[in-house]
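I have placed the structure first, in the form of structure tokens, so that the comments after it can refer back to it.
Whatever order the structure lists them in is the order used to number ligands and atoms, beginning at 1.
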Amino acid sequence: MSGDQMNEAVEGHAPVGQRADRRPGEAPEGTVFMSRTKSFTRRTRELPANLVRTWEAHAHRYVVEPRRGVGYTTVAEDFTLDLAELFGRSAPVTLEIGSGTGEQIVAAADAHPERNFLALEVWVPGIAKLVSKAVEAGVDNIRVIEADAAQALPIMLEDACLDEVWTFFPDPWRKARHRKRRLVSDSFAREVARLLRDGGMWRLATDWDDYAWQMRDVIEACEFFENPYAGERLDPEDPQPQRGGFAPRFEGRVVTHFETRGIDAGRHAHDIVGIRRPRG
Ligand SMILES: C[S@@+](CC[C@H](N)C(=O)[O-])C[C@H]1O[C@@H](n2cnc3c(N)ncnc32)[C@H](O)[C@@H]1O
């Protein structure tokens, strides 16, 4: 097994679409191990006492426990989500991939009660913090799933079911030998394009410059996306400074603690947008 691969516990199956009522952190009986390359490293699933209380009281409102495949972060190969059933209504759905502690998605759900918000995150303490914020905000238009987006999305969501997809500050994987772990890639772009309705938006942001160039390149290389800022908003730091292609800051993107840390370290964010071209 390469250094870029990690073991992951295999989790037992739970009923399809059932909301979580278990506490995270305990490996089920019959745990075995497997390996695959991922865009994230395994972190603790243990929660501090305050978040255990939050989870036990409120996770059932927000956290969806899918039928599992191999590992805590995978879904079974035939697991599908009915979004209207999940939210109890039909409304435009925004998917946030890598929601962290939920700062962005809870703020958006609070500001847009007419929309539905789905989060995918692999970090259980972050999911618990999202739940805590959702309770505090009193919102009911968020659902979150502990799942690896790269594994789960191709399986569980149908074509053209999403209005927007957000990928804000994905793990940068700075070292050249780790770049293959970056979530935003040509193949991932094709999957996001499959999920978006015609005219739907993929909004991205990063404060790692070379990941910003990569995001711009991925969007512009994908036949299914149009970059509305192609050739505009040039960046002199760009190795191809005549290219441009960076969007103005998305007005709905709040300054998260994660972005603040980057600003304090002297970095600044680039926003990138891809618009789903009409099918056929
Ligand atoms: C750097 S943090 C940014 C969090 C948040 N978007 C923000 O702006 O504050 C990236 C997040 O993506 C999550 N993540 C990484 N790979 C993922 C994947 N394949 N599927 C779902 N979440 C993932 C990580 O656990 C982490 O919480």
Quick one: table the atom pairs, ligand 1 N or O against protein N or O, below 3.5 Å, distance rounded to 0.1 Å.
residue, atom, partner, partner atom, Å
ligand 1, 6 (N), Gly98, O, 2.8
ligand 1, 6 (N), Phe168, O, 2.8
ligand 1, 9 (O), Thr256, OG1, 3.2
ligand 1, 16 (N), Ser39, OG, 2.8
ligand 1, 19 (N), Ser39, OG, 2.9
ligand 1, 19 (N), Asp148, OD1, 2.8
ligand 1, 20 (N), Ala149, N, 3.0
ligand 1, 25 (O), Arg43, NH2, 3.1
ligand 1, 25 (O), Glu121, OE2, 2.5
ligand 1, 27 (O), Glu121, OE1, 2.9
ligand 1, 27 (O), Glu121, OE2, 3.1

Establish, from distance only, whether the side-chain atoms of [X] and [Y] form a donor-acceptor pair under 3.5 Å.
X      : Y      : result
Asp235 : His270 : yes
Asn116 : Arg89  : yes
Arg253 : Gln104 : no
Trp166 : Thr94  : no

Review point. Centres of the Phe246 and Trp213 rings: under 6.0 Å?
Key: yes

Checking the side chain of Arg216 only, and the main-chain atoms of Gly244 only, is there a donor and an acceptor separated by less than 3.5 Å? yes

